[in-house]
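Here the structure is a predicted model, which is why all the values come from computation and not from measurement. If you read the sequence from its start, that first residue is 1, and numbering goes on from there.
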Amino acid sequence: MAKRVKPADHQARSLESVDPLELLVQHNFLFKGIDPTWLTTYLQPEQLVREKFYSNRPIYTAYRPNTSLENLYILVEGGPVVMRSAPLDRIIAITYPGGCFGMQNLDFGCGKVVRAFPSLVEAHKTTDVIKIPLGAVQAIYADSEIFQERYGLLFELREKFQYHLLNCSTYPPQRSQRYFEP
């Protein structure tokens, strides 16, 4: 008798079989529409590490003094990934599939000047990511105007979201957080 495959299992298997570069170009805001052949000069398949993060387990602590991440995390499936401010336990950033996280903690671009209280970054639900090494991100940034614009826009949107959530929202961050709890 044939085993029935659940849609979620089928989708997970199909994502694993897809070339990571293809996932970036088709599903990620930073890389969408960029020529995959051009990207291969900066990203070799062995550099693109796939990783799975599980619900409510820390991925890393953001904004640690004098500490830089080695990779940019591209959220491929699942999520969202949230960042919680340590002193107040408030959600200060949310990343959905198609986005990326870790930008503020790279020793590169605007990440060099972002400072905040150490904050926990964790997956809200099971999440699949592709890690891109810092050196490759820097090289692509240096040679692609489109990538530069999108990278800057993501920084701007994160800052606006954080400001709105902490200062302007009619819902306090604790109430917004409640929407993400199971």
Pairwise distance CG(Leu39) to CG(Asp143) - rounded to 0.5 angstrom: 11.0 Å
Partner residues of Glu70 under the salt bridge (Lys or Arg N to Asp or Glu O under 4.0 Å) criterion, sequence neighbours left out: none
Sequence-distant partners of Thr95, side-chain hydrogen bond (donor to acceptor under 3.5 Å, both in side chains), two or more places apart: Arg158
For a quick test of your reading: what N or O donor-acceptor pairs under 3.5 Å do the side chains of residues 60-67 make, sequence neighbours left out?
unit_1: Tyr60; atom_1: OH; unit_2: Gly102; atom_2: N; d: 3.4
unit_1: Thr67; atom_1: OG1; unit_2: Pro65; atom_2: O; d: 3.1

side-chain contact (heavy atoms from CB on, under 4.5 Å) evaluation trace for Leu30 with Phe147: CA-CA 6 Å; Leu30 283 175; Phe147 190 85; 3.8 Å; yes
Closest non-hydrogen atom pair, Ser119 against Ser85: OG-CA, 3.5 Å
From Leu106 atom CG to Leu69 atom CG, the distance as rounded to the nearest 0.5 Å: 5.5 Å
Crowding at CG, Leu157 (>12 non-hydrogen neighbours, <6.0 Å): yes
Same cluster (ILVMFWY, side-chain, under 4.5 Å), Leu72 and Phe29: yes
Gap separating the CG atom of Asn71 from the SG atom of Cys100, nearest 0.5 angstrom: 12.5 Å
Reported OH-to-CG distance for the pair Tyr151 and Leu154, which is rounded to 0.5 angstrom: 9.0 Å
Side-chain ion pair, Glu122 and Arg84, N-O less than 4.0 Å: yes
Check: Gly98 main-chain N/O paired with Asn28 side-chain donor or acceptor under 3.5 Å: yes
Residues that Pro97 engages under side-chain contact (heavy atoms from CB on, under 4.5 Å), provided they are two or more places apart: Leu75
Pairing residues for Gln26 by the side-chain contact (heavy atoms from CB on, under 4.5 Å) criterion, not counting sequence neighbours: Glu22
Nearest-0.5 Å distance that lies between atom CD1 in Ile91 and atom CD1 in Ile94: 5.5 Å
Sequence neighbours excluded - salt bridge (charged side-chain N to carboxylate O under 4.0 Å, His left out) pairs with any residue from residues 148-157: Glu156-Lys160
Residue among Ile130, Ile74, Leu48 satisfying side-chain contact (heavy atoms from CB on, under 4.5 Å) with Leu23: Ile130
hydrophobic_cluster_shared for Tyr73 and Tyr54, side chain cutoff 4.5 Å: no
Within one Ile-Leu-Val-Met-Phe-Trp-Tyr cluster: Met103 and Ile146, side-chain cutoff 4.5 Å: no
Spatial distance of atom CZ (Phe101) from atom CE (Met83) [nearest 0.5 Å]: 9.0 Å
Flag, side chain of Thr127 to backbone of Lys125, donor-acceptor distance under 3.5 Å: yes
Heavy-atom check, side chain of Phe155 versus side chain of Gln104, under 4.5 Å: yes
Identify every side-chain donor-acceptor pair in residues 131-141 under 3.5 Å, counting partners at least two apart or on other chains, and give the distances.
unit_1: Lys131; atom_1: NZ; unit_2: Glu51; atom_2: OE1; d: 2.9

Cluster overlap Ile34 with Leu153, hydrophobic side-chain contacts below 4.5 Å: yes
Trace of the side-chain contact (heavy atoms from CB on, under 4.5 Å) decision for Ser68 with Phe108: CA-CA 9 Å; Ser68 174; Phe108 159 69; over 6 Å; no
Steps toward side-chain contact (heavy atoms from CB on, under 4.5 Å) verdict (Leu24, Leu43): CA-CA 11 Å; Leu24 292 177; Leu43 296 171; 4.0 Å; yes
